[in-house]
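If you scroll down you'll find the structure; I have some questions about it.
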Amino acid sequence: DIRSLGCEEKRELLATIEQAVAFVTTMIFQDGSSQLSSEQVLTSSVKGVVVLVKNQTDHPCPPSYSSIDYTWNAANENDKLIYLKTEWSSLWEQEQQAHKKFAWQVLFQMLHCKVPIICFNAKDFLRTLLQVYGNEISWKQVADSVVLDPRIAAWLINPSDTVPSFESLIQKYFEKPFSMGTVNTDTGTLRNASVSTLKLFFLIYLYQYQNLRVNLEKLYNVMRYLARDLQVQGLWKLFCTLELPLIKILAVMETHKIHVNTQELKKTSDILGLRLKELEQEAYQVAGGQFLLTSSSQLREVLFEKLKLHVLCEKVHRTEIQQLVSTSEVVLNKLQDLHPLPKIILEYRQVHKMKSTYVDGLQTCIRKGFISSTWNQTGTVTGRLSAKQPNIQGISKHPVRITKKQYIKGKEAEIVTISPRTLFVSKKGYSFLAADFSHIELRILADLSSEPELLKLFQEPETTDIFSTVASQWKGIPSEEVKHADREQAKRIVYSVVYGAGKERLADSLGITPLQASQFIESFMQKYKKVHEFTKKTIEQCRNKGYVVSIMGRKRPLVNINAQDYKLRTQAERQAVNFVVQGSAADLCKMAMVEIFTSVVISPTLTARLIAQIHDELLFEVEDSQILEFSALVKRTMESLQQTTALEVPLKV
DNA sequence: CTAGCGTCA
DNA sequence: TATCTGACGCTAG
């Protein structure tokens, strides 16, 4: 505990840190658990940080990779275990101020000496440092630290394991099941003891931290094994140049808060609530009885057993598992001429979704007028990021129109449009700047397949919007008359076809017969022959190797690629093709994030901060005076990735 | 077609 | 009473 150190000892500690070859660290929570515990405690606040300082004199002979009976007791005793308290009850005491200052000194030195800091869930660690020492440091100062996260390493090796735990890693790399330090954290029984409580607490702490020392020692070795694995599998470069720098970016992103217009939020919630009530009444009238509009099973009963609407309509879609008549949007669309109810349900669903997810759902994420998403770097199999609380990547783009009843005489109803994204407001003197790759996956597909027709489309500057072009061709209308919905549909069709859609699904999506759909697929394949060649080649490679690889070497193993079961096998085939393209697009977007972050950190003047990543889109908050300079930098950086990755096709932002 | 997350029953 | 699953619907390509 650094608080117990004298002046000379403090000096020695800083000297030791300077000599260190690695740090292994974890946060300790109020309830005594650490970041290594499987059940991540969100309610418990951070109490302090424990650091195992690996000394220069260590590892004379690193344990061989094959040796599984490596004895943990042999861990170097010169390694120092230090505890830094980060939680302070009150700061007015001078002694505490001094402790906090020294703790910061230690951490600052750790972050800046370019020695790897190994931490399980490093993003949370960095974010906490930024929050605790927010007054002392700027976010740019975490930029040159070197963090290694075993969890991310494990995920790169097996991306299907979306939540690899510390225990599972130990099991994997040391085979025999391993019991986490069985520390009795239940100190309640001791609290009433008549003996010196203080002394007992001290003993418990000592025991806990000894245990932690063992676990950190294990974590260190797990990281070494993982590093070896990454190198063997060709994932090391991806890990070091892309995923590790991203940890810091996400940590910084999570410390930034976005302001929400709460008054507007409340107002729209009320408007939507009123509209829902109206729709509910209308539904009961036309259905001839009350039922729960949100329940698909009750709706199914009303539509198909009471009103028997499905018999009037051929071929209605059924649910996957139970083979019941579906109540999904496509079916409801087909039924809307037969009865007024489907239309009401469709609007009800739209309004309900808007209210529950984007308005009321957002409200639950707000703290003091601000929101800040939690970003998951290991949450997908394709390498994309995911976000939650709120899922800022999933917030509706399109506005919904509501007819609001006005109780003012002379004006009966008023149409209001509600678009959730306008509820976010930038800081005063700042603006939001969004930069997105245009048709990123399609461009990557063009490059990977070397399809001449597709390449031509992107290399010729007159093509501004592929999907609008496709839509105008498909619908036979001039490109100026292509509506947003048409473009959106064209986009879905193109992706559906290139990723191997069946004729039935495509027919549903287009509102045509399966025969027409299969003809469409056929003509598409005829026009873009090389795309089909690419998918065949990808599947073939996957069959041989058992995995597929993105342009930056990201891997996805697909065990079902050689399955007997037709359904499983063809699904794996589509996943293989999709991974190569989606994964490569994810690589590019992450590269853009890293490069832009680095540029801003280097710049003495730029202050722009990344707010969100919506897959192909980066959203920044930029000082108004810097918008021109920064937007040019962003565009330049993103488009220059064509050269960095030696793409045949230009990238457009 | 492929990835996700949130809501509801 | 609490947790899990399936269906649905929004996002991204």
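Per chain, numbering begins at 1; letters A, B, ... match sequence-line order. Remember, it's a predicted structure, so these values are computed and weren't measured experimentally.
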Using a heavy-atom cut-off of 4.0 Å to chain A, what are the terminal contacting nucleotides of DNA chain B, in 5' to 3' order?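 Under 4.0 Å from chain A, the extent on DNA chain B is B/dC1 to B/dA9.
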
Give me the residues of residues 320-335 of chain A where at least one heavy atom lies under 4.0 Å from an atom of DNA chain B, by number, or none.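 Residues of residues 320-335 of chain A that come under 4.0 Å of DNA chain B do not exist, since none gets that close.
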
Length of the CG-P vector between A/D360 and C/dC10, whole Å: 16 Å

On the nucleotide C/dG9, are OP1 or OP2 found under 4.0 Å from the side-chain N or O atoms that A/H352 carries? no

Classify A/L292 by what it touches in the nucleic acid, base, sugar-phosphate, or nothing, heavy-atom distance under 4.0 Å.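 It contacts sugar-phosphate atoms only.
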
In whole angstrom, give the distance that lies between atom CD1 of A/I345 and atom C1' of C/dG9.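 The answer, rounded to whole Å, is 15 Å.
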
How long is the line joining NE2 of A/H398 and C1' of C/dG9, in whole Å?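 A/H398 atom NE2 is separated from C/dG9 atom C1' by 12 Å.
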
Students often get this wrong, so: under 4.0 angstrom with heavy atoms, is A/R556 touching a base, only sugar-phosphate, or nothing? sugar-phosphate

Among A/V331, A/V325, A/L332, the one residue meeting side-chain contact (heavy atoms from CB on, under 4.5 Å) with A/S328: A/V331

Whole-Å distance separating the CD1 atom of A/I614 from the C1' atom of C/dA12: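 Spelled out: CD1 on A/I614 to C1' on C/dA12 is 10 Å.
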
Need one value for A/R384: base, sugar-phosphate or nothing, where a base atom within 4.0 Å counts as base even if backbone is also close, heavy atoms only.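 Result for A/R384 = base.
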
Please tell me whether A/T382 and A/Q582 have a donor and an acceptor in their side chains that are separated by less than 3.5 angstrom.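 Checked: A/T382/A/Q582 side chains pair up, N/O donor to acceptor below 3.5 Å.
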
Nearest whole angstrom, please: distance from the C1' of C/dG9 to the CD of A/Q350.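 Distance check: A/Q350 CD to C/dG9 C1' gives 11 Å.
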
Which residues satisfy the ring pair (Phe, Tyr, Trp, His ring centres under 6.0 Å) test with A/Y499, sequence neighbours excluded?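 A/Y499 satisfies ring pair (Phe, Tyr, Trp, His ring centres under 6.0 Å) with no other residue.
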
Once you apply a heavy-atom cut-off of 4.0 Å, does A/F579 come out as touching a base, just sugar-phosphate, or nothing?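 No contact.
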
Calculate the interatomic distance between A/L293 atom CG and C/dG9 atom P; express it in whole Å.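 Interatomic distance, CG of A/L293 to P of C/dG9: 13 Å.
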
Donor-acceptor contact present, side-chain A/S326 to main-chain A/T319, <3.5 Å: no

What distance do A/T294 atom OG1 and A/E280 atom CD have between them, rounded to the nearest 0.5 Å? 9.0 Å

Checking the side chain of A/K355 only, and the main-chain atoms of A/L276 only, is there a donor and an acceptor separated by less than 3.5 Å? no

Whether A/K397 contacts C/dA12 is assessed here as follows: a side-chain N or O lying under 4.0 Å from the phosphate OP1 or OP2. Is that the case? yes

Remember a base hit wins even if backbone is also touched, and classify A/V577 as base, sugar-phosphate or nothing at under 4.0 Å, heavy atoms. nothing

Reported CG-to-CZ distance for the pair A/L442 and A/F437, which is rounded to 0.5 angstrom: 15.0 Å

For the pair A/H310 and A/F304, name the ring-plane relationship: parallel under 30°, tilted 30 to 60°, perpendicular over 60°.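 Aromatic pair A/H310/A/F304 classed perpendicular.
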
What does A/R318 touch in the nucleic acid at a heavy-atom separation under 4.0 angstrom: a base, only the sugar-phosphate, or nothing? nothing

Output field: ring centroids A/Y547/A/F579 closer than 6.0 Å: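 No: the rings miss the under 6.0 Å criterion.
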
Going by the angle between their ring planes, with limits at 30° and 60°, are A/F520 and A/F524 parallel, tilted or perpendicular?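 Rings of A/F520 and A/F524: tilted, as their planes differ by 30° to 60°.
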
Please classify the nucleic acid contact of A/I444 as base, sugar-phosphate, or nothing, using heavy-atom distances under 4.0 Å.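 No contact.
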
Can you measure A/R421 atom CZ to C/dC10 atom P for me and round it to whole angstrom units?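 My rounded result for the distance is 14 Å.
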
Under 4.0 Å between any heavy atoms, over every strand shown, what does A/A387 touch: base, sugar-phosphate, or nothing? Just pick one.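 Sugar-phosphate, no base atom in range.
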
Report the distance from atom CD of A/E488 to atom C1' of C/dT11, rounded to the nearest whole Å.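 Computing the A/E488:CD to C/dT11:C1' distance gives 10 Å.
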
Base, sugar-phosphate alone, or nothing: which one does A/Q575 contact when heavy atoms must sit under 4.0 Å apart?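 If one applies the 4.0 Å heavy-atom cut-off, A/Q575 turns out to touch the sugar-phosphate alone, with no base involved.
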
